[in-house]
Structures are given as structure tokens and as C-alpha cells.
Amino acid sequence: MDNQALNKIGYGLYVVTSNDGNRDNGLIVNTVSQITDSPKRVMVAINKANYSHDVIKKSGIMNVNCLTIETPFSVFEKFGFQSGRDVDKFAGEEVVRTENGLAYLKEYANAVISLKVEQYVDVETHGMFICQVVDAKVLSEKESVTYDYYHKNIKPSPQAIEKKGYVCKICGYVYEGEELPEDFICPWCKHGVEDFEVLV
């Protein structure tokens, strides 16, 4: 099976924000989809290894921030390459909030959608949250970023490295070593060995 075929699905990229009761949190996801029109429902799938999964499962609310093509790589680093268990991702920022009390991005988002979880479905590696849209607003008319656009125009190309190892095709994480363990999970983006290639 050619796993690259799945990359042809038209994904967007989003920052999903939440709050654990003490601080704001957020993560990058590409699995957001409207699934019903009346009432308006949205599905968000989140890897169980991510801190946000547990926070949202407990709180039952989240915001989806729709990123634009102007989003710099630093935003993906902040929300995608570190864990909210260890880092306050909103530290030092002036936080703005929606009616549900959650943070949203003032920059680099063209819309924010506030969601209330109605149903949780365990889908092995991920939790799928079926949510009611409780509020939404357009922030700008700037073009939404796609996963494909991110890979071609935002994500830096891996630097030439003279060491032996493997590079994650999703986020650029480099595993150094002769053999990549079969059960290895990327510590940055949580993808498995099928998304790694040999460094050349």
C-alpha cells in the first residue's frame, strides 16, 4: 500500500485551543470537518498522545482557529512541536477570548469556531470529538492554508546532514541512528515509521 496516497486528501491546518483550568493550551491539527448542517456539527480528531486530547475530553469545549497562508513556521513550532504538559504556549502573549472563555489567535487565523463536545468516539490512536457549533466568527478574508501548501511553502526543507538517520516527512524531526525502531513514534508530530525516510 502506498501511504502517500493519503496525503492527497485535501486537509486544512488549524490551531485547536483549550484550557486545563490553569492555563490556555493549543495544538496543530489537520482533522477538522463539518459533518452536519442543521444543527451545525463539526468533527475534530486528536491524537491520544497529545495533552489537548485529555484536556478537551475533560472540559468538553474547544476553539478551532482556521490558519491562513500567511502563518509563519514559528506558529507551527509553537503549537505543534512541543507539549502543553511542559510548556505554556501562550506565555507572554496578550490573550483574547471567545464567549466560551477560551483563547483564540489574533493573528494568522481567518476564522474561529467555538465547539461544545456532544459525543466522543474512540478510534484507536485518536479520539474523535463530535461537536455542536456554539459560536463562530470570521476574522479576515485571507486564504486558508492547506496541508499541501504548508509542505511546499512554509515548512523548511531538511538541512543536509552527514549523519545516518531518518527524517520525518511530516514535520522534519531527525532520528539519528542506523535503524529506525518499528514502533517509533515521532516526538514532535506523533506520526509513525511509515512517515519517515532515510536521510540522504
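- For the pair Glu124 and Asp122, the tightest heavy-atom approach, listed with the atom from each and the gap, is N-OD1, 3.0 Å.
- Side chain of Asn25 to backbone of Ser18: no donor-acceptor contact under 3.5 angstrom is found.
- The closest side-chain donor-acceptor pair between Tyr175 and Lys164, if any, does not fall under 3.5 angstrom.
- Side-chain polar atoms of Asp86 and Tyr51 form no donor-acceptor pair below 3.5 angstrom.
- The distance between the ring centers of Phe76 and Phe81 does not fall below 6.0 angstrom.
- Under the 4.5 Å side-chain criterion, counting only non-hydrogen atoms from C-beta, Lys142 is not in contact with Leu139.
- Under the 3.5 Å distance criterion, with hydrogens and angles disregarded, no donor-acceptor pair is assigned to the side chains of Asp135 and Asn100.
- Side-chain atoms of Asn65 come within 3.5 Å of backbone N or O of Leu105 as a donor-acceptor pair.
- With a 4.5 Å cut-off on side-chain heavy atoms, Ile61 and Leu102 count as touching.
- Asp20 has no carboxylate O lying under 4.0 Å from a charged side-chain N of Lys58, or vice versa, which leaves the two without a salt bridge.
- Judged by distance alone, the side chain of Arg23 and the main-chain N or O of Gly84 form a donor-acceptor pair under 3.5 Å.
- The aromatic rings of Tyr147 and Tyr11 sit perpendicular, their planes meeting at an angle over 60°, well past the 30° parallel limit.
- Side-chain atoms of Thr17 do not come within 3.5 Å of backbone N or O of Gly26 as any donor-acceptor pair.
- Linking Ile, Leu, Val, Met, Phe, Trp and Tyr whenever their side-chain heavy atoms come within less than 4.5 Å leaves Met62 and Met43 in two separate clusters.
- Between Val29 and Ile46, the closest side-chain pair of non-hydrogen atoms falls below 4.5 Å.
- Pro156 has its side chain within reach of Phe73: a pair of non-hydrogen atoms, C-beta onward, lies under 4.5 Å apart.
- With hydrogens and angles ignored, the 3.5 Å screen pairs a side-chain donor or acceptor of Asn47 with a backbone N or O of Ala49.
- Of the possible donor and acceptor atoms, none in the side chain of Lys40 sits under 3.5 Å from a partner among the backbone N and O of Val133.
- Counting heavy atoms of neighbouring residues, nucleotides and ligands inside a 6.0 Å radius, atom CD of Glu118 exceeds 12 of them.
- Between His191 and Phe184, the distance from one ring center to the other does not fall under 6.0 angstrom.
- When the side chains of ILVMFWY residues are joined at heavy-atom separations under 4.5 Å, either directly or via intervening members, Val138 and Val112 end up in two distinct hydrophobic clusters.
- The main-chain N or O of Gly12 is never found under 3.5 Å from a side-chain atom of Thr146 such that the two would form a donor-acceptor pair.
- No side-chain heavy atom of Ile35 sits under 4.5 Å from any side-chain heavy atom of Val42.
- Proximity of Leu67 to Ile28: side-chain heavy atoms (C-beta onward) are separated by under 4.5 Å at one or more points.
- Remark: Lys155 NZ is packed, more than 12 non-hydrogen atoms of other residues, nucleotides or ligands lying under 6.0 Å away.
- Ion pair Asp148/Lys8 not flagged as a salt bridge, since none of the NZ, NE, NH1 or NH2 atoms sits closer than 4.0 Å to an Asp/Glu carboxylate oxygen.
- Under the 3.5 Å distance criterion, the side-chain polar atoms of Tyr108 are left unmatched by any main-chain donor or acceptor of Ile69.
- In this structure the side chain of Val75 never reaches within 4.5 angstrom of the side chain of Glu77, judged on heavy atoms.
- A cation-pi arrangement is absent between Lys169 and Phe196 under the rule of less than 6.0 angstrom and at most 45 degrees off the ring axis.
- In this structure, Phe129 is not a member of the same hydrophobic cluster as Val123, with clusters built from ILVMFWY side-chain heavy atoms closer than 4.5 Å.
- For the residue pair Asn110 / Ser140, no side-chain donor-acceptor distance below 3.5 Å is found, with atom types taken as modelled.
- Summarising the local packing, NZ of Lys78 is surrounded by more than 12 heavy atoms from other residues, nucleotides or ligands at distances under 6.0 Å.
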